[in-house]
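Working notes, structure below.
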Protein chains: 2
Amino acid sequence: MKFEAVTIKHIAQELGLSTSTVSRALRDSHEISAATKKLVLEHAKKVGFKPNRIAQSLKERKSLSIGVIVSEIANSFFSQVINGIESIAYSHGYTVIIAQSMESADRELSNLEYLTSSSIDGLIISVSAETKNYSYLKKLHERGLPIVFVDRAIDDIETHKVIADNFKGAYKATKHLIQKGYKRIAILSNNSSLSISQERLDGYRAALQEAKIPVKENLITYCDHGGMIYAEVENAMKTLLKQRIKPDAIFAGSDKITTGCLKFMKQKNIRTPADLALIGFSNTDLTELLNPPLSVIRQPAFEMGQASASLLLSLIESKKLHTKFETRIQSTELLIRKST
Amino acid sequence: MKFEAVTIKHIAQELGLSTSTVSRALRDSHEISAATKKLVLEHAKKVGFKPNRIAQSLKERKSLSIGVIVSEIANSFFSQVINGIESIAYSHGYTVIIAQSMESADRELSNLEYLTSSSIDGLIISVSAETKNYSYLKKLHERGLPIVFVDRAIDDIETHKVIADNFKGAYKATKHLIQKGYKRIAILSNNSSLSISQERLDGYRAALQEAKIPVKENLITYCDHGGMIYAEVENAMKTLLKQRIKPDAIFAGSDKITTGCLKFMKQKNIRTPADLALIGFSNTDLTELLNPPLSVIRQPAFEMGQASASLLLSLIESKKLHTKFETRIQSTELLIRKST
DNA sequence: TTTATTTACGCAATCGTTCCCGAAGTTTTA
DNA sequence: TAAAACTTCGGGAACGATTGCGTAAATAAA
């Protein structure tokens, strides 16, 4: 089965013109007479001509498509980021190809190979929690592939970055817990090698130090797969609750970890916030319907997506080599509800 | 900035061969000697040759990409469907291009135009709630574009369809409510023109009739945008609750409508299930953490995605004209929790 | 009226691959 | 030993759109 599209050649033949004339007429070139232009345009519309993007790509040596790698599209934060990216990309005629790393370094690498072989013009990536070795990504960048980091960046690669104000978000959340009277605030952080984890941890530490509360290392735990695997949240929680003096509040470092904690508390019949308060980073819009309604730090995901797409397109469309890159830090929002 | 890739021509020149020989060697043609093959393959690996997919697409007249149109990727059901599609497509070397209609007929149409101009080899679509006019889609199908419907199908277009057993799902849910003693079961259906709405409504009616409960038309309401706009859920609920004899149970016809109902009940301080029971179609994995944990009908979304991708690839790769199409009906799962 | 300039179009190369032919050189068959 | 059949490779034409260059005809300038 083949899907026969109408080409410039067909139009040329039917109108008794050359393909170059038709092409130029369609692109509104000045060297085509008004009459011919009208003739071609009307005929093209009549037969439903759509330029073959593949041929255009080959000729122009660009694909008009950008790749996006996120950990999981089912994650509200990332689906909102993608919506932001698409809103910009589509309006500039770019296709968005989405790939999911599922927090796996292997899958990230194969996505990377896949996208580059699809000759994407640029890449927006939020690196996976597992990834330790960035050499492939770095090589791509050095070979000239425009890259923009969103949410999770790599210090080593100099390019545009769009991130939330993780420090301040974590700081505000921790401060809120302190003000509510919680004394032993534990943190379930995402993989320690991620930039966001470090920033959030720093915010957490800063708030504690400001309140003269000592930072206890045994209240800091990590979920190396960002909560993608429930067992790691479960283990982290168990370790925390096994201690002599149990924590009275939990600060969760990602969407998945936040809901994972809640799930754990439900299963163990831990009352929230009576027994244990809970706050976390989350962009789910179901958090207020949960039991109890969750206090969360919300990131401007859609806007972050838009910003990263704009920056990427500016990289792609600029001819010269970029040397100055910006890091856009967008502010987070603290939503206080029943869980704290 | 350009990203210079190594081509077959480079290899040919460096090895003193012709491009045709190199091409054939890479494709393991029988008419190339083992020695030459080895030479070419080793050199290709050394210089990191990756065939240009765009050129291949142009030559082969296929893009090795498939389009997917769903209402919203943030919707758990669809993100799971997409994961299923990707798992099959990627393993067959196909790129998946995702577009969101947001339940809007206009956006669906522009997505359609966009995807076809990207010369996709096939399309998997779950039509938007708003769409009434399928002529464009039908024309594409008649012109030979392989199409598979997932979840929401159109009777008018004869092709493969992968749907959940909506009738049985709705029947089981309604029967469950009846067994629990609910008498006045209202339904908040998705747009009435959708196939799934009709099927679910039929299941609802069948269960009531079986229990000899009269079907009251004033207990049947519609959310034309599938709950995408909260106001329509709100209105529907208000209308239902304004009646002399209020309903004692709600059956919600989609993910968004289900959570929309819960949100409404929360806002109005309606206790669930004491004042009003709630059950609905949903694939969110947060439903058990909600307040109260929601009883839901869950669809095998991932498997539905896999099935539709397999069917689409078989359509794409078969040379001859297909005349026999199948409709795969996959069974749903009833998860009973506190809300009923 | 002759020359210069502009207008409006066609020819052909190009992007990177694939593949139909044709043509050597080698081996097998009659 | 001559003809037939392989084997192994190169030339070159596609795929569809774009674009530099060339060139008639039409117009403007001299």
Side-chain angles (χ1 to χ4, degrees), chain A residues 2-41 43-44 47-65 93 95 116-121, chain B residues 2-41 43-44 47-65 93 116-121 143-144 319:
Chain A
K2 208 54 67 62
F3 176 69
E4 283 299 337
V6 32
T7 75
I8 258 184
K9 210 183 279 178
H10 294 138
I11 299 183
Q13 207 147 33
E14 285 158 19
L15 259 41
L17 293 168
S18 76
T19 59
S20 30
T21 305
V22 175
S23 172
R24 272 185 269 250
L26 291 168
R27 321 193 92 237
D28 201 27
S29 160
H30 67 274
E31 45 182 341
I32 300 297
S33 72
T36 311
K37 275 183 193 171
K38 205 179 127 201
L39 182 71
V40 171
L41 259 62
H43 188 78
V47 297
F49 170 78
K50 291 265 163 51
N52 183 319
R53 284 191 30 148
I54 295 190
Q56 280 180 324
S57 295
L58 182 61
K59 178 69 184 156
E60 301 299 311
R61 295 148 138 266
K62 54 183 199 168
S63 63
L64 281 178
S65 71
T95 306
T116 48
S117 88
S118 307
S119 19
I120 49 168
D121 293 338
Chain B
K2 207 55 67 56
F3 179 70
E4 283 298 338
V6 32
T7 75
I8 261 185
K9 212 182 279 179
H10 295 138
I11 298 184
Q13 207 146 33
E14 286 159 19
L15 258 40
L17 293 168
S18 76
T19 59
S20 27
T21 304
V22 174
S23 171
R24 271 185 271 250
L26 290 169
R27 322 192 91 238
D28 201 26
S29 161
H30 66 275
E31 45 183 341
I32 300 297
S33 72
T36 312
K37 273 183 194 170
K38 204 179 129 201
L39 181 72
V40 171
L41 259 61
H43 187 78
V47 298
F49 170 78
K50 291 262 163 53
N52 183 319
R53 281 189 38 150
I54 296 189
Q56 279 180 325
S57 296
L58 181 61
K59 180 64 189 168
E60 301 299 310
R61 294 145 138 266
K62 55 184 198 166
S63 63
L64 281 179
S65 71
T116 48
S117 87
S118 306
S119 16
I120 49 168
D121 293 338
R143 284 177 57 193
K319 303 276 172 265

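Within every chain, numbering begins at 1; the chains are lettered A, B, ... in the order of the sequence lines, protein sequences first and strands thereafter.
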Distance-only donor-acceptor test, B:K59 side-chain atoms vs C:dT18 base atoms, 3.5 Å: yes
Donor + acceptor pair across side chains of B:S23, B:S20 (<3.5 Å): no
Between D:dC9 (P) and B:L15 (CG): distance, integer Å: 11 Å
Closest to the B:I8 side chain, choosing from C:dC19, C:dT18, C:dG16: C:dT18
For the student: nearest non-hydrogen atoms of B:F49 and B:V6, plus distance: CD1-O, 3.3 Å
Protein-nucleotide distance (A:R27, atom CZ; C:dC9, atom P), rounded to Å: 18 Å
Whole-Å distance separating the NZ atom of A:K50 from the P atom of D:dA17: 13 Å
Nearest listed nucleotide, side chain of A:S18, among C:dC9, C:dG10, D:dT18: C:dG10
Sugar-phosphate only, base, or nothing, as touched by B:T7 at under 4.0 Å among non-hydrogen atoms: sugar-phosphate
From C:dT14, C:dT18, C:dT17, nucleotide with atom closest to B:N52 side chain: C:dT17
Among C:dC15, C:dG10, D:dT8, the one nearest A:L58 by side-chain distance: C:dC15
Side chains of A:S63 and B:R53, donor plus acceptor under 3.5 Å: no
Presence of donor-acceptor pair under 3.5 Å, side chain of A:S20 and base of C:dC11: yes
Residue pair B:T7 / B:N52, side-chain heavy-atom distance below 4.5 Å: no
Nearest-Å distance for atom pair CG/C1', residues A:L26 and D:dT19: 14 Å
Value in whole Å for how far the C1' atom of D:dT23 lies from CD of A:E31: 13 Å
d(CZ, A:R61; P, D:dT19) in whole Å: 13 Å
First of B:T19 and B:A55 reached from the 5' end of DNA chain D, by closest nucleotide: B:T19
Under 3.5 Å donor-acceptor pair, B:R24 side-chain atoms to D:dG10 base atoms: yes
Residue A:S33, side-chain atoms from C-beta onward, closest of C:dC9, C:dT17, D:dT18: C:dC9
Sugar-phosphate, base or nothing in reach of A:T36, heavy atoms under 4.0 Å: sugar-phosphate
Heavy-atom donor-acceptor pair, A:K9 side-chain to D:dA17 base, under 3.5 Å: no
Atom pair distance, as rounded to whole Å: NE2 in A:H10 and P in D:dG16: 7 Å
Phosphate OP1/OP2 of C:dG16: any B:Q56 side-chain N/O under 4.0 Å: no
Nearest atoms (heavy-atom pairs only) where B:A25 meets B:L41: O-CD1, 3.5 Å
Rounded distance in Å - CD1 (B:I32) to C1' (C:dC19): 12 Å
Sugar-phosphate, base or nothing in reach of B:L17, heavy atoms under 4.0 Å: sugar-phosphate
Test item: A:K37 and A:D28 side chains (from C-beta on) under 4.5 Å apart, heavy atoms: yes
